[in-house]
Every structure is written in structure tokens, then in C-alpha cells.
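In this chain, residues are counted from 1 in sequence order.
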Amino acid sequence: MIPPADALFEALVVWIEPWAVQVCRALNTLIEGADRAQAAHYLRGVTAWVHPEHESFERALGFLADGWSIEEMLETLEADEDVPFHMSARDISFAAQEAARLQGLCPDLATDIRALVDAVSTDRPETPTQPHPDQMSLFR
């Protein structure tokens, strides 16, 4: 018998957990030179694994990984859910810092993340400039 997909996924998560940092470092190295969709896919994995509290940002990365534009993503989510896509101030700060970190690794994704931050930051106070406490430090 084949186990349910959820049970299989849970087993894989438990099995790989001791190597999570190494897996995330490997995913981070794959971002360099990757195209926008691949880089978004890798960053989505890192974000989901290391920073699950940034679920809105991770969700947006999923759309970028699937080739959607920021405008398409925002319009579709608003139409499907009858509410605008929302990112908290913490998510916005985290995303902005990731865009800066990615500038040299994948400029296309960095540009898209900055566009996402601009789109969801409308009518919000300025994003804090101090380092976000959850900023990724997998290269250190």
C-alpha cells in the first residue's frame, strides 16, 4: 500500500530535519545564476523551512516561481479571496532585505521582490532600515 501523501511528506520532513541548515545553504548557492523562476523556487524553500513565520512572502515567491508577474498575482489573489494580498511590516522588511541580498545573485528576482514590496507598501509607513531579526544568515 502507498501511504497518504501527507504522511509521506511528514516522514520526509523528519528525515531531512537534521540536515536542514546544509540543505538551505545548498539551495542558497543554487540561487546564484539561476533564472528568476528557479531562484524564486529555491528561495521559497529556504523561507518555508527557515522562516515559516513569513508565510505571505513565501506564498508570493510561489507565484513568482510559477512565472506570474506581481500584477497578475495581486489581481488573482484579490479576485479569488475578495481581499487584497497582505504582508505584515515584518514580512515587508524581511522581503526588502532579501531583495538587497539577492541583488548580486539574481538581479531579476531582486527586482521582482522590490516591486512586490512597493506594491504592498502603498499607504504604509516607511520600512525600517535596521536589520530584520529574521534576516537569513546561511552564508555566515
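- Here the straight-line distance linking atom CG of D108 with atom CZ of R36 works out to 8.0 Å at 0.5 Å rounding.
- Under the 4.5 Å side-chain criterion, counting only non-hydrogen atoms from C-beta, L77 is in contact with F63.
- Annotation: side chain of V46 is not in contact with side chain of Y42 (no heavy-atom distance under 4.5 Å).
- When every heavy atom of A26 is checked against every heavy atom of T29, the shortest pair comes out as O-OG1, 2.7 Å.
- Side-chain atoms of S93 do not come within 3.5 Å of backbone N or O of A89 as any donor-acceptor pair.
- For the pair M73 and L116, the minimum side-chain heavy-atom distance is below 4.5 Å.
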* To do: Determine, stepwise, if the pair D118 / S121 fulfils side chain to side chain contact (heavy atoms under 4.5 Å, CB included).
  => CA-CA 5 Å; D118 289 346; S121 296; 5.7 Å; no
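- Separating the CG atom in D35 from the NE2 atom in H41 is a distance of 11.5 Å, to the nearest 0.5 Å.
- Smallest separation of non-hydrogen atoms from T47 and E58: CG2-CB, 4.0 Å.
- Side-chain contact between H86 and V120: absent, with no pair of heavy atoms (C-beta onward) separated by less than 4.5 Å.
- When side chains are defined from C-beta on, L102 counts as touching I113, because their heavy atoms get closer than 4.5 Å.
- Residues I92 and M87 come closest through the heavy atom pair CD1-O, 3.7 Å.
- Two residues are said to be in side-chain contact when any heavy atoms from C-beta on lie closer than 4.5 Å; I70 and L64 meet this criterion.
- Nearest heavy atom pair, residue R114 against residue Q103, reads NH2-OE1, 2.7 Å.
- Counting heavy atoms from C-beta on, the side chains of E78 and F85 never come closer than 4.5 Å.
- Under a 3.5 Å cut-off, the side chain of D66 and the backbone N or O of W68 do not form any donor-acceptor pair.
- Between L61 atom CG and L43 atom CG the span is 5.0 Å, to the nearest 0.5 Å.
- In this structure, Q22 places its CD atom where more than 12 heavy-atom neighbours from other residues, nucleotides or ligands lie under 6.0 Å away.
- Considering every non-hydrogen atom in both A65 and A40, the closest pair reads N-CB, 3.7 Å.
- At distances below 3.5 Å, at least one donor-acceptor pair connects side-chain atoms of E72 with backbone N or O atoms of S69.
- A99 and A110 get closest at one heavy-atom pair: O-CB, 3.3 Å.
- Between E98 and H51 there is no side-chain heavy-atom pair separated by less than 4.5 Å.
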